[in-house]
Protein chains: 2
Amino acid sequence: MELDKILEFKYTPEINEKLIDYGFTKTFAEGDVILNENAYIKAIPIVMSGSIRVMRTDDDDREILLYYIKAGESCIMSFLGGMHHDTSKVKAIAEEPTEILFVPIDKVNILIKDYPEWLDYIFRLYHKRFEELLDVVNAIAFKKLDERLLDFIKKKCQINDNNTLVITHEHIANELGTARVVVSRLLKQMEQEGLVTLGRNKIILH
Amino acid sequence: MELDKILEFKYTPEINEKLIDYGFTKTFAEGDVILNENAYIKAIPIVMSGSIRVMRTDDDDREILLYYIKAGESCIMSFLGGMHHDTSKVKAIAEEPTEILFVPIDKVNILIKDYPEWLDYIFRLYHKRFEELLDVVNAIAFKKLDERLLDFIKKKCQINDNNTLVITHEHIANELGTARVVVSRLLKQMEQEGLVTLGRNKIILH
DNA sequence: AGAAAACGGTAACAAATGTCACATATTGGC
DNA sequence: GCCAATATGTGACATTTGTTACCGTTTTCT
C-alpha cells in the first residue's frame, strides 16, 4: 500500500508506518453506507482509494449533499466527533468502490502529539471542509435551483474529467434536496436552451 | 483582565499570561464590523466580553446568519484562514459592546506547540462551529420560513433569558436572508395564532 | 411643533418550487 | 418477445417566498 502517494501532505515514512500499523482497512462497494447519522465514532477514516460523498439528512427522508471526500483525505467530522466521543451528524456513502483505512481515536491523539505535520494536515482538511460547507450554505440560501443544478453537473463532469454524466434524475434530486420532477423539468429546460443533451441515465454537458 | 474566568477551557496561568502578552485588545461598539469578507487575517480574535455574530454574504447585499461567538470563544474561521494565509469568507459584526483580544498567528503556532490544552480548546470550538453550520444547512434546506423565524425568536429570547425581544423586522429579515415584508407577514400570522405579541421594535414570545 | 426618518401593515401580483397524477420510453430478466 | 422494473416527460395545480407599491404610525431631530 503506497500511502506516500495517496496522502497529500508531506510526512515522514514513520507516520506512514504508524498509520498502517495502528489502523485496519475495509473495502466498500458503490452505494455502501460507511457511516450513518447518529452512529458512534471510534475510529477516523482515511480514504485510500475511491471516494465518499457526505450527506446531511432530515428527520424525513430528504437529504442534501455536503461534500466529497477523495483519496488521501479524511472525514473531519468523524475526527472531531471521535475526539469528543460524539455521534455522527452526517451520513457517508461510497461513491465508487472505496478502500478505507480506519485509525482508532486514541492512536490519532498519539500521532498528533508526536508529529506536527500530521496536525497541519488535519487543520488543512478542516479548513477545506469548512469552506465547502459555506459554499453549500451560499448555494441553498441565495441561488436558484437551475443554477445549483448546472453547478452540480459541471462539478461532476470535472471530477470524471468527462462531459458525459451517468446518473438518474432521481439521484440528482436527492443530492440537491429536492424532488425528481423538479430536476426533470429544469433539465428539459436546459436541454431546450442547448446547455445539455439528455438520455436515459445520461446527461451530456456542452 | 480576568482571562481565567472568561475562557472556558482549563489552562495554566502561563497560557493566560502569554495570550495577554502576545496579543492586543480592541473594543467595538454595537454594530461595528470587526471583520469583512475577503479581508486578510493576521491575528485570531478571542472575545473577552460581549458577543459577535458571524454572517455569510452574497455577491448582492443579501446575507445570512451563521452563528454567534460568545465571550471566551474565538473565531475559528479566522484561525484556519490565518494559519494558511487565506482571506476571510465571512463577515463579523459586534452584537453589543465587545472587547476582543487579538493574538498574532505566528504566536498562536507557538502556543499550540507548547500547550496541548490550547489545541484541545481549538478543536472543541471547531467541532461546535461545524455542528452549528450543519444546523444552518438543515434549516435553510428543509425548513420553511415560519419555522425558522420562530426558532430565531426562541433562540434570541433564550440568550437574553427574557421573553421580550427588542428588534426590527428589517433586522430579522437580514439575519434570515429574506425580505422585510415577508417577516412582517409571517409575524402577523404568528400573532393571530397567539404565538407572539407584536409592538414597535418589540416581539413578546408566549 | 413640524419635518424627516424609521418602522410596520397590507394588498396585489410574480416567480420559484413542490406535489400529484398519469403517460410514455427504455432496459434487463426470463 | 414479453413482462416487470426503472426512468423520464408533462400538465395542472398548490404552496411558499419574493417583489413592488403605498399607506399610516411612531420616533427622532431640530
Side-chain angles (χ1 to χ4, degrees), chain A residues 30-31 58-65 136-153 156 164-193 195-205, chain B residues 30-31 58-65 136-153 156 164-193 195-205:
Chain A
E30 180 179 343
D58 197 24
D59 304 321
D60 299 338
D61 26 294
R62 302 215 299 181
E63 39 186 35
I64 192 166
L65 172 69
V136 171
V137 169
N138 228 280
I140 53 184
F142 304 125
K143 291 186 180 178
K144 282 185 291 181
L145 252 185
D146 53 355
E147 194 178 346
R148 288 175 57 206
L149 178 56
L150 192 55
D151 285 349
F152 177 87
I153 294 170
K156 281 271 191 186
T164 300
L165 220 63
V166 177
I167 197 171
T168 68
H169 298 182
E170 179 83 44
H171 189 102
I172 296 176
N174 280 339
E175 303 215 0
L176 294 181
T178 182
R180 198 269 309 167
V181 273
V182 176
V183 171
S184 293
R185 186 197 297 156
L186 290 175
L187 280 175
K188 207 65 198 168
Q189 201 176 300
M190 285 165 59
E191 189 179 40
Q192 277 158 8
E193 289 168 7
L195 291 170
V196 295
T197 300
L198 303 177
R200 190 188 168 89
N201 289 323
K202 194 169 61 173
I203 298 171
I204 302 167
L205 181 64
Chain B
E30 180 180 343
D58 197 22
D59 304 320
D60 298 338
D61 25 293
R62 301 215 299 181
E63 41 186 34
I64 192 167
L65 172 69
V136 172
V137 169
N138 228 282
I140 53 183
F142 303 126
K143 290 186 181 178
K144 281 186 291 181
L145 252 185
D146 53 355
E147 194 179 346
R148 287 175 57 206
L149 178 56
L150 193 55
D151 285 349
F152 178 86
I153 293 171
K156 281 272 191 184
T164 299
L165 220 63
V166 177
I167 198 171
T168 68
H169 297 182
E170 180 83 46
H171 189 101
I172 296 176
N174 280 339
E175 303 215 2
L176 294 180
T178 181
R180 198 268 310 167
V181 274
V182 176
V183 171
S184 293
R185 183 160 65 208
L186 290 175
L187 280 174
K188 207 66 198 168
Q189 202 177 301
M190 285 165 59
E191 189 179 38
Q192 277 157 9
E193 289 168 7
L195 291 171
V196 295
T197 300
L198 303 177
R200 190 186 170 89
N201 290 324
K202 193 169 62 174
I203 298 172
I204 301 168
L205 181 63

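Chain letters run A, B, ... following the sequence lines, proteins first and then strands; every chain starts at 1.
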Compute the bend angle of the helix from C:dA1-D:dT30 to C:dC30-D:dG1 from the end axes (five pairs per end), rounded to 10°. 40°

Given B:Ile203, B:Leu205, B:Ile153, B:Leu198, the one that forms side chain to side chain contact (heavy atoms under 4.5 Å, CB included) with B:Met190: B:Ile153

Show every side-chain hydrogen bond (donor to acceptor under 3.5 Å, both in side chains) that has at least one partner inside residues 195-204 of chain A, sequence neighbours left out. A:Thr197-A:His206

Rounded to the nearest 0.5 Å, what separation is found between the CZ atom of B:Arg180 and the NE2 atom of B:His169? 8.0 Å

Separation of A:Glu170 atom CD from D:dT6 atom P, in whole Å? 11 Å

Rounded to the nearest 0.5 Å, how far does CG of A:Leu150 lie from CD of A:Glu147? 8.0 Å

Taking side-chain contact (heavy atoms from CB on, under 4.5 Å) as the definition, give me every residue that meets it alongside A:Lys144, ordered by chain and number, with sequence neighbours left out. A:Asp146

What is the distance from CD1 of B:Ile140 to C1' of D:dG18, rounded to the nearest Å? 16 Å

Select from A:Ile167 and A:Ala141 the residue whose nearest nucleotide in DNA chain D is closer to the 5' end of that strand. A:Ile167

Considering non-hydrogen atoms only, spot the tightest contact between B:Leu187 and B:Val196 and give its length. O-CG2, 4.2 Å

For the residue pair B:Val181 and B:Arg185, establish whether any side-chain heavy-atom pair is separated by less than 4.5 Å. no

Give, for atom OG1 of B:Thr178 and atom CD1 of B:Ile172, the distance between the pair rounded to the nearest 0.5 Å. 11.5 Å

Taken to the nearest whole Å, CZ/B:Arg180 to C1'/D:dT19 is 12 Å

Spell out protein contact along nucleotides 11-18 of chain C as letters: B when the base is contacted, S when just the sugar-phosphate is, - when no protein heavy atom is under 4.0 Å; keep the 5' to 3' order. -B---SBB

In whole angstroms, the gap separating P of D:dT8 from CE of A:Met190 amounts to 14 Å

What does nucleotides 25-30 of chain C look like as a protein-contact string, B for base, S for sugar-phosphate only, - for none, at under 4.0 angstrom between heavy atoms? BBS---

Taking all non-hydrogen atoms of both residues, which atom of A:Arg62 and which atom of A:Gly177 are closest, and how far apart? NH1-O, 4.0 Å

Gap between atoms CG and C1', on A:Leu198 and D:dT10 respectively (whole Å): 14 Å

Output the rounded distance in Å from CD1 (A:Ile172) to P (D:dT6). 19 Å

Provide, to the nearest angstrom, the distance between the CD atom belonging to A:Gln189 and the P atom belonging to D:dT8. 17 Å

Taking OP1 and OP2 of C:dG9, is either one under 4.0 Å from a side-chain nitrogen or oxygen of B:His169? yes

Not counting sequence neighbours, which residues clear side-chain contact (heavy atoms from CB on, under 4.5 Å) with B:Arg148? List them please. B:Ile64, B:Ala139, B:Ile140, B:Lys143, B:Leu145, B:Leu176

Name the closest nucleotide to the B:Lys188 side chain, picking from D:dG9, C:dG9, C:dG8. C:dG9

Tell me, do B:Ile167 and B:Phe152 make a side-chain contact under 4.5 Å, heavy atoms counted? yes

B:Leu187 atom CG is separated from C:dC7 atom C1', nearest whole Å, by 13 Å

